[in-house]
Amino acid sequence: MANEKTVITVNLDMFDKDADAKTAEANKVAKNLGISDEAFAKVEDFKQELTDHDAWDLPFMGYVNEDGYGYAYVPDAAITMHPYWDALKEFMNLPDDVQTAFAVRMLFIHRPVDRYGADMFLHYHRGFTVNFIGEGANKY
């Protein structure tokens, strides 16, 4: 996989594309990081787990937008109760390459909460820098 000097560039124009185009671009970026096809298959499995547990609206990579304060790591904010399922714990139990592939995939979707949670995860857990480019890109 990549080292601390890895920069992932995400063009905001991708958000206007269909899901297949966004997935293809994310997978291209992940393959450049050395992610295998086996890891991509496990990403799909985890996506299905999120769907099965109705957990897509939870901060499953651990980062929550604290109104007015930016993003904070809140490890117990991604729990469903019926049935009990800890999405962050399950995410962190995935192999590193699957976590990375999943986070890269989330960079290319339209939901800012997932996009910036993935940015934080890749920065703090992998040492990567994410560079969003295009109109409206946040630079911090």
Side-chain angles (χ1 to χ4, degrees):
M1 271 220 244
N3 62 35
E4 289 184 26
K5 296 181 180 12
T6 298
V7 176
I8 298 171
T9 299
V10 179
N11 189 327
L12 297 184
D13 291 340
M14 283 303 302
F15 304 144
D16 292 332
K17 308 289 185 207
D18 64 32
D20 290 338
K22 289 186 265 192
T23 297
E25 184 64 21
N27 287 351
K28 180 175 136 186
V29 168
K31 280 187 182 270
N32 285 337
L33 297 173
I35 303 297
S36 69
D37 289 336
E38 181 181 319
F40 290 132
K42 290 181 181 176
V43 165
E44 295 303 321
D45 293 343
F46 186 67
K47 284 175 51 183
Q48 187 61 53
E49 287 289 318
L50 287 168
T51 299
D52 292 348
H53 290 92
D54 195 25
W56 276 104
D57 289 335
L58 300 176
F60 43 80
M61 285 180 279
Y63 293 91
V64 177
N65 186 358
E66 296 287 336
D67 286 337
Y69 300 101
Y71 279 78
Y73 187 69
V74 183
D76 61 354
I79 296 172
T80 64
M81 296 309 289
H82 303 288
Y84 181 89
W85 190 69
D86 186 332
L88 175 61
K89 178 182 174 188
E90 295 302 320
F91 176 74
M92 296 306 289
N93 284 335
L94 295 170
D96 285 358
D97 59 343
V98 178
Q99 291 173 2
T100 301
F102 186 85
V104 168
R105 179 82 63 90
M106 294 298 103
L107 291 174
F108 287 85
I109 67 170
H110 67 281
R111 290 169 29 109
V113 65
D114 298 332
R115 204 166 43 236
Y116 293 110
D119 181 6
M120 297 292 104
F121 174 81
L122 291 167
H123 175 76
Y124 290 110
H125 295 265
R126 297 294 182 268
F128 298 169
T129 298
V130 177
N131 183 28
F132 292 101
I133 60 171
E135 188 174 327
N138 289 337
K139 300 292 182 186
Y140 48 88

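FYI, the numbering just counts along the sequence from 1.
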Can you tell me if Thr80 uses its side chain to pair, donor with acceptor, with the backbone of Pro83 under 3.5 Å?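 Yes, the answer is positive, given that a donor and an acceptor are paired below the 3.5 Å cut-off.
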Looking only at heavy atoms, what is the nearest atom pair of [X] and [Y], with distance?
X: Pro59; Y: Ala78; result: O-CB, 3.5 Å
X: Val43; Y: Ala101; result: CG2-CB, 3.7 Å
X: Pro95; Y: Lys42; result: CG-NZ, 4.4 Å
X: Ile35; Y: Asp97; result: CD1-O, 3.4 Å
X: Val104; Y: Ala26; result: CG1-O, 3.4 Å
X: Met14; Y: Ala21; result: CE-O, 3.5 Å

Side-chain touch [X]/[Y], heavy atoms, less than 4.5 angstrom:
X: Tyr124; Y: Tyr63; result: yes
X: Leu88; Y: Tyr73; result: yes
X: Val98; Y: Asp45; result: no
X: Leu50; Y: Phe60; result: yes
X: Phe15; Y: Val10; result: yes
X: Glu49; Y: Glu90; result: no
X: Leu33; Y: Phe128; result: yes
X: Thr51; Y: Trp56; result: yes

Are Phe91 and Phe121, when compared by the centres of their aromatic rings, separated by less than 6.0 Å? yes
Applying side-chain hydrogen bond (donor to acceptor under 3.5 Å, both in side chains), name anything that partners Asn27, two or more places apart in sequence or on another chain.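 So Asn27 forms a side-chain hydrogen bond (donor to acceptor under 3.5 Å, both in side chains) with Arg105.
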Less than 4.0 Å between a side-chain N and a carboxylate O, is that true for Lys47 and Glu44? yes
Just verifying a value: how many Å separate [X] [atom1] and [Y] [atom2], rounded to the nearest 0.5 Å?
X: His53; Y: Gln48; atom1: NE2; atom2: CD; answer: 10.5 Å
X: Phe132; Y: Asn11; atom1: CZ; atom2: CG; answer: 11.0 Å
X: Gln99; Y: Asn93; atom1: CD; atom2: CG; answer: 8.5 Å
X: Ile133; Y: Leu12; atom1: CD1; atom2: CG; answer: 8.0 Å

Partners meeting salt bridge (charged side-chain N to carboxylate O under 4.0 Å, His left out) with Lys31 (sequence neighbours left out): Asp37
Walk me through it: do Leu107 and Leu122 pass the test side-chain contact (heavy atoms from CB on, under 4.5 Å)? CA-CA 10 Å; Leu107 291 174; Leu122 291 167; 3.6 Å; yes
ILVMFWY network linking Met61 to Leu58, side-chain heavy atoms under 4.5 angstrom: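 No, Met61 and Leu58 fall in different hydrophobic clusters.
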Report whether Ile109 and Val130 are members of the same hydrophobic cluster (ILVMFWY, side-chain heavy atoms less than 4.5 Å apart, transitive linking).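 Yes: a chain of side-chain contacts under 4.5 Å links Ile109 to Val130.
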Using 30° and 60° as the class limits, which term best fits the ring planes of Trp85 and Phe46: parallel, tilted or perpendicular?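 The rings of Trp85 and Phe46 sit tilted, inter-plane angle from 30° to 60°.
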May I ask you to check whether over 12 heavy atoms, not counting those of Asn32, lie within 6.0 Å of atom CG? yes
